[in-house]
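Sequence positions, counted from 1, serve as the residue numbers for this chain. As a basis for the values below, the full set of heavy atoms in this structure was taken, side chains included, without hydrogen atoms, waters or symmetry mates. Just follow the structure's listing: the first ligand is 1, and inside any ligand the first atom is 1.
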Amino acid sequence: MQRQHVIELLREHLADDARIDLHAHTRESDGTHSPTQLVELAGAAKLDAVAITDHDTTSGWAEASSAARAGELVLVPGIEFSARFAGSSVHVLGYLFDPDDAALTAELARIREERSSRARRIVELLSADFDLDWSGVEAHVAPGATLGRPHIADALVERGIIADRSEAFTSLLAPGEKYYVTHPAPDPERAIELIRGAGGLPVIAHPAGDRRAWLPKGEVARFVRAGLYGLELAHRENTPEGRAWISELVAAHGLVPTGGSDWHGDGKPNPLGENWAGKRTLIDMVERSSGSLPVLPEAWQKTGNGARG
Ligand code: AMP
Ligand code: ZN
Ligand code: FE
Ligand code: FE
């Protein structure tokens, strides 16, 4: 389908007050539900569109796309790219890029490898003090999924060492704890260039989360020069003060403010659809990207001219 035709269908079918959750995880990384369930639950949450943004992988796109075609809402293919700046983890959301781009896929494969060795290292450290081993962690990882601390947390919960994932993130697996290990990841500028290079739109995720170091303003100017599209404004982890700062940067640099729930299923309290972007943002995204298209419900084709031809 042509980009222009997709834009026309979005204009026609989406309500003016459409809600588009631009940040959600599945079992392909550290969420607890399948890509199909993401799409179904997004429908149940009365969303009009949902993005799949697993960490460092596009492996859930195909399944989520089938569910969207068969269903009633739009799927926005995306990713949450792990980057690192000044020792802090920085997440770069990417949307509507070409998932087969060679430079991008090579970098993502490297990051997944680094995440995997880092997870093993964390489990080694934990196993010195707790009854935990790698096979106990693996049992919580879907085949091929991007590894993260949530999978280790699941094994800790199963062994009764902690109560839930959230406890892991404030205790054993928190930065600064003796079991905490980071993984190497590229500078956000590189992530931004790779996503742009693949025709996609880079957005810095939760830029003012209170548990993380804030990005210095000078760095944002550098990221804008590299092709930054937006900043994730509507996200539960952005502090009120941070939202003011993000809004100033959005205005100063002509960026797009986005929003999303960062849903992880049962592992994190964020309900699907608690934050979202609007119809105009989605249409702007389709107009300004060139890598891939949102996936539309097949039913949209059958009404209008599709039925005749
Ligand atoms: P990692 O990517 O391994 O550094 O682990 C951090 C990831 O765990 C982030 O993407 C968080 O969104 C995710 N996460 C999942 N559940 C939780 C939780 N309950 N509390 C904090 N972070 C969580
Ligand atoms: Zn996550
Ligand atoms: Fe994140
Ligand atoms: Fe996330």
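- Here the protein contributes Asp30 OD1, Asp30 OD2, His55 NE2, His264 NE2 as N, O or S atoms under 2.8 Å from the Zn ion (ligand 2).
- In this structure, Glu28 does not pair ionically with Arg112, as no charged nitrogen and carboxylate oxygen lie closer than 4.0 Å.
- Ion pairing between a basic and an acidic side chain is recognised when a charged N comes within 4.0 Å of a carboxylate O; Asp284 and Arg280 show no such pairing.
- Of the charged side-chain nitrogens involved, at least one lies within less than 4.0 Å of a carboxylate oxygen, so that Glu124 and Arg121 count as a salt-bridged pair.
- For the salt bridge (Lys or Arg N to Asp or Glu O under 4.0 Å) condition, the pairs that include at least one residue of residues 51-70, sequence neighbours left out, are Asp56-Arg115.
- Listed by chain and number, the residues in a salt bridge (charged side-chain N to carboxylate O under 4.0 Å, His left out) with Glu193 amount to none (sequence neighbours excluded).
- Between the side chains of Asp262 and His23, at least one donor N or O sits under 3.5 Å from an acceptor N or O.
- Between Lys178 and Asp129, at least one side-chain nitrogen of the basic residue sits less than 4.0 Å from a carboxylate oxygen of the acidic one, meeting the salt-bridge criterion.
- The aromatic rings of Trp263 and His33 lie tilted to each other, with the angle between the two planes from 30° to 60°.
- For the Fe ion (ligand 4), the set of protein N/O/S atoms nearer than 2.8 Å consists of His23 NE2, His25 NE2, Glu80 OE1, Asp262 OD1, ordered by chain and number.
- Ser289 and Arg3 share a side-chain donor-acceptor pair at under 3.5 Å.
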